[in-house]
Amino acid sequence: MTDTNRLPAEVRSPGPGSVALVTGGNSGIGFETARQLLDHGATVWIGARDLDKGHRAATELGSSARVVQLDVTDPSSVAAAVQQIGELDILINNAGVNPGGEDITGATLEQLRTAYETNVFGLISVTQAFLPALRRSAHARIVNVSSGTGSLTWNSSQNPQFDWERVKGGGLAYRSSKTAVNAVTMLTAQALGEEIKVNALAPGLRLTNLIAGMTAGGDPAEAATGAVRLALLPDNGPTGALWSWDGTRAPW
Ligand code: NAP
């Protein structure tokens, strides 16, 4: 019997005809996801809001990675990327910002707007723009890089992975934006049915630019393995769920 709480062990073998885009692919989890998708044989576009950073990342990958200028908050940049990329099979909505860890007593509307512009509206804008191309794909997959800190269940039931006393109530802008990402993931999956598999990833705490200054955190490459499993789901794989990086189902 299929275990619906665990991702299937097998992945699709993409081949160079399979085209992937990783937004915010120039650093951190996105960069490692691009690296691993290339290793699997896919054609990979690194979306970078700063082209120089994108080209530096592609050089570091030392492979055939392609680079596209893509600021997810800029509709003209998104439209130009759609034109440049053309066909697309795998969309990794990874670009994200964390504008501050304040709770309701300190968070500013500016921080909330910044978080939502990139993490939520940017993700929706990119998804909508690439839907026509994804609909033409036989194995379309969307992976929304969310966060366990956006899980309402984990936020309300003292997830042992969290240092509860430290995090409770905090990070209003970032964490609530990731809760919104989870909702958008579920509703997008419901709207697209089996046509396009849409899942969210909880990557775990990772040492990247996003959490600059923190010393605890794992290797972003480990989180990328989870993104890649969702990107290369077999055709009988799940849709419309939140997954931890290790392939176990996480609660909304
Ligand atoms: P990161 O290294 O800072 O990567 C974030 C990427 O997003 C960078 O490439 C950044 O570009 C890009 N970006 C930011 N705003 C953008 C915009 N408007 N348009 C296009 N790209 C934009 O941090 P990361 O940890 O790998 O973050 C990747 C994802 O994982 C994010 O969605 C984050 O919320 C999520 N996540 C991370 C952790 C963690 O512990 N690190 C935990 C849970 C979830 P620049 O280089 O130009 O800034």
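The structure presented is a predicted model; accordingly, all values stated were derived computationally and were not measured. Indexing begins at 1, ligand by ligand and atom by atom, following the structure's order.
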Of the listed options ([options]), which comes nearest to [atom] when hydrogens are ignored and any heavy atom counts?
atom                    : options                : answer
atom 31 (C) of ligand 1 : T23, N94, V145         : N94
atom 22 (C) of ligand 1 : G54, A95, G96          : A95
atom 44 (C) of ligand 1 : S177, G47, G30, S146   : S146
atom 38 (C) of ligand 1 : A223, G218, S147, G204 : G204
atom 1 (P) of ligand 1  : A115, S27, S77         : S27

| Considering distance alone, does some N or O of G24 sit under 3.5 Å from an N or O of ligand 1? | yes
| task | Give yes if a backbone or side-chain nitrogen or oxygen of V72 is under 3.5 Å from a nitrogen or oxygen of ligand 1, and no if not. | result | yes
| message | For A223 versus R206, what's the shortest heavy-atom pair and its separation? | response | CB-NE, 3.5 Å
| query | Nearest heavy-atom pair of P203 and I29: which atoms, and what distance? | reply | CB-CD1, 3.8 Å
Establish, from distance only, whether the side-chain atoms of [X] and [Y] form a donor-acceptor pair under 3.5 Å.
X    : Y    : result
N93  : T23  : no
S77  : Q69  : yes
N119 : S177 : yes
N182 : S146 : yes

Which bit of [X] is near ligand 1, meaning a heavy atom under 4.0 Å away: side chain, backbone, both or neither?
X    : value
K53  : side chain
L207 : neither
I29  : both
T208 : side chain
Y174 : side chain
T118 : side chain

| query | Heavy-atom contact under 4.0 Å between P203 and ligand 1? | reply | yes
| Is K178 in contact with ligand 1, taking contact as a heavy-atom separation below 4.0 Å? | yes
Checking a contact table here: which protein heavy atom is nearest [atom], and how many Å away?
atom                    : value
atom 18 (N) of ligand 1 : D71 OD1, 3.0 Å
atom 40 (O) of ligand 1 : R206 N, 2.7 Å
atom 46 (O) of ligand 1 : N26 ND2, 2.9 Å
atom 47 (O) of ligand 1 : R49 NE, 2.9 Å
atom 20 (C) of ligand 1 : L70 O, 3.2 Å
atom 37 (C) of ligand 1 : L210 CD2, 3.6 Å

Just how far is it from atom [atom1] of [X] to atom [atom2] of [Y], taken to the nearest 0.5 Å?
X    : Y    : atom1 : atom2 : result
L172 : T105 : CG    : OG1   : 9.5 Å
N155 : T179 : CG    : OG1   : 6.0 Å
L230 : I92  : CG    : CD1   : 8.0 Å

| request: Could you check L112 against L109 for side-chain contact (heavy atoms from CB on, under 4.5 Å), going step by step and ending with a plain yes or no? | output: CA-CA 5 Å; L112 281 142; L109 282 181; 4.2 Å; yes
| Quick check: does any side chain N or O of T188 sit under 3.5 Å from a backbone N or O of V184, one acting as donor and the other as acceptor? | yes
| R249 bridged to D3 by N-O distance under 4.0 Å | no
